[in-house]
Amino acid sequence: MNRVKARPLAVWALIASALLLAGANPSAYGFEFPATSSLTLSDETALVVLQAPAVTAPYSQFNLTPNKKGSIFSTELALVSNLSRQVEMARTPIGAKKVAKAILAKEYGFGGTQYSCLNKLWTKESNWNYKARNKISGAHGIPQALPASKMAVIATDWRTNPVTQIRWGLRYISIRYETPCAAWAKFRSHNMY
């Protein structure tokens, strides 16, 4: 009996956390909740209903948009919680390196050698600081995007979200150089990539 009562309490705690994050800074965590949204929970189905046009997520591999009935399952909210933890971890250089290494391995299939090149490249560029900004050129973030607004291709929160910056940087490297080691070679020869 206590186990049944504890489950809705845990779901409510998760929802309260999501609302707190969304209310504090709607796009700082990479998720934009419209200001008019409200959440309700049906205890019978553990279903969250958004009474707003949509919930947007910058990472297209996650289906976090409401279905035709405007519902998002609690498992998807757990995904949001996990992603916000990832963003918080990436706000430190050590955490950003861990996140980049995981994304590089999981999404690009690269191992330690390519990560080593990426680490050298972004240590030189920004020292893995998501707030890094070149005062002369205007390059911004961990990958030092120029112009910085290019990172909006991933998400509009590129100024405050290190995961957005990492994803953009890896995408840029894969499109332009194919591998982080090729980008690192370009940087060593031209002091830019």
Beyond-backbone contact of E107 with R167, side-chain heavy atoms, under 4.5 angstrom: yes
Determine yes or no for a side-chain-to-main-chain donor-acceptor pair under 3.5 angstrom, with K186 supplying the side chain and A182 the backbone. no
Within-4.5 Å side-chain heavy-atom neighbours: I142 and P162: yes
Looking at every heavy atom in both D157 and T164, which two are closest together, and how far apart are they? OD1-OG1, 2.8 Å
Please identify each residue that fulfils side chain to side chain contact (heavy atoms under 4.5 Å, CB included) with A185, with sequence neighbours left out. none
For K101, look at atom NZ and say whether over 12 heavy atoms of other residues, nucleotides or ligands are found less than 6.0 Å away. no
Here the disulfide (SG to SG under 2.5 Å) pairs for residues 120-160, sequence neighbours left out, are none
What are the two closest non-hydrogen atoms of V163 and V99, and how far apart are they? CG2-CG1, 4.2 Å
Could you tell me which non-hydrogen atom of S149 sits nearest to which non-hydrogen atom of W158, and how far apart they are? CA-CZ2, 3.7 Å
Test: disulfide (SG to SG under 2.5 Å). Region: residues 158-193. Which pairs qualify, not counting sequence neighbours? C117-C181
Enumerate the residue pairs fulfilling disulfide (SG to SG under 2.5 Å) with a member in residues 143-180, sequence neighbours excluded, ordered by first and then second residue. none
Straight-line distance of E125 CD to W184 CH2, nearest 0.5 Å: 9.5 Å
How many angstroms lie between atom NZ of K124 and atom CG of N119, to the nearest 0.5 angstrom? 12.0 Å
Treating R133 as the side-chain partner and G138 as the backbone partner, does any N or O pair qualify as donor plus acceptor under 3.5 Å? yes
Closest non-hydrogen atoms of Q165 and R159, given as atom of the first, atom of the second and distance, are NE2-O, 4.0 Å
Contacts of Y172 that satisfy side-chain hydrogen bond (donor to acceptor under 3.5 Å, both in side chains) - sequence neighbours left out: R176
Mind checking the CG-CZ spacing from L104 to F110? Nearest 0.5 Å is all I need. 6.5 Å
If I take atom CG from residue N161 and atom CD from residue Q86, how far apart are they, to the nearest 0.5 angstrom? 9.0 Å
Under the 3.5 angstrom rule, does the side chain of S126 hit a backbone N or O of T123 as a donor-acceptor pair? no
NZ (K150) and CZ (R171) are apart, to the nearest 0.5 Å, by 10.5 Å
With N134, which residues qualify under side chain to side chain contact (heavy atoms under 4.5 Å, CB included), at least two apart? I136, S137, A139, Q144
Mind listing the closest non-hydrogen atom pair of W128 and L118 along with its distance? CZ2-O, 4.1 Å
Measure across Y130 and R91 and return the closest heavy-atom pair with its distance rounded to 0.1 Å. OH-NH1, 3.4 Å
Count the heavy atoms of every other residue, nucleotide or ligand shown that sit under 6.0 Å from CD1 of I175, and state whether that count exceeds 12. yes
The reported gap from CD1 in I173 to OG1 in T179 (rounded to nearest 0.5 angstrom) is 8.5 Å
